[in-house]
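Single-structure report; data block below.
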Amino acid sequence: MRMRELPNPESDRRSAPPWGGLAASLALFLAALLAPARPAFSSYLELPPLPAASASQTAAPSPPAASASQAAASPAPADAVGFELAPASQDAETARFRSQFRAEYPTEPWTALGDLTPSFVLQQGEYGGRGYGVLAEMGDIRIKQTPNTLNEAAGRGGRFALLTGNSGNTAKLETFAASGPQGAAHDDLLVGATGELSLMGDSARFKTIFLSGRRSLYSEGRWPYGAKKGDVLGLVAAIDPFGGRLAAEAEIDYSSYDSDTTDETAATRDSARRLKVGGGWGASRYSALYERTGPRYRLLTGSGPDRDSEGVSLGFGHAFELHSFDVKLSRYNDNTEKNDLSPRLYRYEGLVDYHFKAFSKLQLSLQYKKRYVDSTKEPLGYLPKEVEEDAVSGQLNYLAGRWDLGLRGGVSQRTDKLHRQRESSTESIGFLPKFSAAGVTVLPDLSLKRVMDYSSSQRTDQYAVNLGLNGTLLEKRLDYEVKGGYKEERTGVPGTGKQVVGAKVRAAYPLARLFKWFRPPSLGVKGEFKEINDRGADSRESDFSLLISLDG
């Protein structure tokens with residue numbers, strides 16, 4: 001769990017946000033304890049159920065603190081195990097218990113400099129009975145909430161979840177705590193609790209989220225001279241009374257952020273809100289979204305929503321027998337508090353996406369996008385802004401037996417309406433064929449792109465040629481993939497431009513099973529090569545790596 005460094009916020013004179021969500025969490029916890037223990041038939045976690053092997057073995061993105069080589073070789077924190085309370089017989093009390101442990105070490109031990117600390121550790125335990133379930137895990141975990149509270153954070157810590165319910169009504173209480181991943185540059189800590197209540201088979205859901213995080217300002221110890229501190233409270237309510245035809249979700253969040261707990265500057269506080277309505281009826285679908293984020297709304301962890309932004313977006317789509325289309329319209333503006341010292345920018349955007357399938361062998365897709373930016377109420381010293389952007393793209397695919405011939409192209413331009421002149425334009429075309437036969441797939445492609453910057457009278461041309469090959473050999477036991485490509489960038493100015501050459505190879509072969517109770521090992525080979533020749537900087541860089549691994 002790496003917490004992103006945020007700039008020092010301005011002080012806020014607004015009153016503290018109401019923290020009534022804590023009472024809501026307590027109420028949900030009491031409801032979970034007092035609910036009758038009757039059989040439940042659905043999962044009370046939002047995470048997907050375990051696959052046939054093990055959900056903990058699902059790879060996730062590596063922690064940001066790891067190096068590039070470690071990120072490719074080391075596993076990442078795993079999600080919480082998704083489990084459901086199985087129905088029990090009416091005449092006997094049943095219970096089940098499951099536990100699993102997983103530990104992995106870096107595949108490149110020379111990078112650890114003698115440190116034998118495992119790169120991934122996870123201990124999970126699950127206990128379930130009639131109408132209740134308990135989940136506990138400790139080790140490398142990944143925490144996900146809503147985009148306005150916590151999009152995603154990974155670290156080492158623990159999680160505890162208590163679930164109970166009856167006849168489609170469920171309650172869940174979850175607590176967690178995690179510190180930064182091993183080797184992180186900052187001393188981080190994140191704790192939180194969530195309470196969720198689901199009624200009538202997810203027809204109505206209510207959730208309370210509370211998170212608190214700290215990050216040390218100095219790395220010599222745990223907050224010796226102060227820390228960055230951030231708290232966030234989120235309240236979410238969703239209803240779906242008509243089985244997806246008409247659903248609504250509302251969310252309001254409050255944040256408190258202190259860039260230095262040792263100074264006398266008060267923490268900045270602000271709020272964010274979101275309301276979404278959508279659904280589908282037959283072949284039609286629609287959506288409407290309103291969202292507003294205050295200028296001082298800050299999250300200590302992860303990437304939060306765009307601050308100082310307010311707007312609405314509408315979407316509609318329909319699928320016919322041969323045609324389908326989607327239309328999206330949006331309008332957003334900044335300067336939500338109408339500060340007289342700053343202008344207000346309005347952003348209008350429209351998108352039309354059309355697909356046509358006249359024959360089983362011919363497929364066509366077209367897309368048109370228009371964006372308009374306008375400024376109003378410019379204070380003294382600010383120049384007005386009025387910019388228009390247009391983009392048209394399309395792709396045509398022809399299926400001829402084992403061949404899939406694809407052609408893609410697009411044109412876009414940006415115009416300054418005030419000065420009535422074009423600022424830039426882009427033209428691109430690509431040929432994307434594909435051939436598949438006897439377990440072998442060949443993927444060549446050729447693309448050309450030209451970018452014009454009219455303000456500096458600069459033209460940039462890009463050429464790219466790539467070839468990919470993948471398939472199986474030796475009675476479909478050897479799985480392999482080979483890729484290679486060349487890319488060149490020309491500006492028309494002597495002594496400038498760039499050339500890039502890259503290649504990648506991967507192969508995996510299963511070995512014979514040593515013992516019946518062991519999983520069959522596999523021998524793998526991975527290699528990469530990349531060379532960059534930057535004529536403008538008069539430099540040439542190359543990188544080569546080869547990894548032979550035995551997995552089992």
Side-chain angles (χ1 to χ4, degrees), residues 1-4 19 21-22 24-26 28-29 32 44-47 56 60-61 63-65 75-83 99-103 117-127 133-146 148-163 172-196 207-217 219 221-224 226-234 253-258 261 299-302 304:
M1 176 195 65
R2 292 297 305 274
M3 299 183 182
R4 186 181 58 178
W19 301 103
L22 296 178
S25 300
L26 181 59
L28 292 178
F29 176 62
Y44 304 150
L45 290 181
E46 297 178 349
L47 300 174
S56 64
D79 289 323
V81 175
F83 67 98
S99 177
Q100 56 181 347
F101 175 79
R102 181 185 175 195
T117 304
S119 59
F120 180 88
V121 175
L122 184 62
Q123 173 68 59
Q124 296 172 325
E126 172 192 337
Y127 183 83
V134 178
L135 170 69
E137 59 181 2
M138 182 176 296
D140 290 290
I141 61 176
R142 186 171 59 186
I143 305 169
K144 292 182 179 180
Q145 299 300 331
T146 64
N148 282 9
T149 55
L150 178 62
N151 194 17
E152 180 178 354
R156 286 191 169 178
R159 186 196 327 255
F160 176 82
L162 174 64
L163 304 92
K172 178 180 70 173
L173 174 68
E174 180 180 350
T175 62
F176 48 83
S179 61
Q182 180 187 0
H186 298 278
D187 195 357
D188 301 340
L189 178 65
L190 175 67
V191 296
T194 65
E196 184 175 359
K207 187 173 183 179
T208 301
I209 305 169
F210 176 74
L211 303 170
S212 180
R214 294 173 68 94
R215 164 179 292 176
S216 62
L217 295 178
S219 58
R222 179 170 290 273
W223 314 305
K228 297 179 183 293
K229 185 178 185 298
D231 301 328
V232 60
L233 172 67
D253 309 283
Y254 302 94
S255 73
S256 173
Y257 179 82
D258 191 351
T261 57
L299 301 180
L300 187 64
T301 60

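Atom set for the values below is all heavy atoms of this structure, side chains included, hydrogens, waters and symmetry mates excluded.
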### Task
Starting from the C-alpha separation in whole Å, work towards a yes-or-no answer on side chain to side chain contact (heavy atoms under 4.5 Å, CB included) for Val232 and Leu299.
CA-CA 7 Å; Val232 60; Leu299 301 180; 4.1 Å; yes
Can you measure from [atom1] ([X]) to [atom2] ([Y]) and round to the nearest 0.5 angstrom?
| X | Y | atom1 | atom2 | answer |
| --- | --- | --- | --- | --- |
| Glu174 | Thr194 | CD | OG1 | 4.5 Å |
| Ser179 | Leu189 | OG | CG | 7.0 Å |
| Leu150 | Ile209 | CG | CD1 | 8.5 Å |
| Asp258 | Leu300 | CG | CG | 10.5 Å |
| Leu173 | Glu196 | CG | CD | 11.0 Å |
| Lys229 | Arg214 | NZ | CZ | 6.5 Å |

If every non-hydrogen atom of [X] is compared with every non-hydrogen atom of [Y], which pair is closest and at what distance?
| X | Y | value |
| --- | --- | --- |
| Val191 | Ala177 | CG1-CB, 3.7 Å |
| Ala193 | Thr175 | CB-CG2, 4.0 Å |
| Gly155 | Ala178 | C-CB, 4.4 Å |

### Query
Does some side-chain heavy atom of Leu233 sit less than 4.5 Å from a side-chain heavy atom of Asp231?
no
### Task
Determine yes or no for a side-chain-to-main-chain donor-acceptor pair under 3.5 angstrom, with Asp140 supplying the side chain and Val121 the backbone.
yes
### Arg159 (side chain) donor-acceptor with Leu135 (main chain) under 3.5 angstrom
no
### Task
Apply side chain to side chain contact (heavy atoms under 4.5 Å, CB included) to the pair Gln123 and Ser99, showing each step before the final yes or no.
CA-CA 8 Å; Gln123 173 68 59; Ser99 177; 3.0 Å; yes
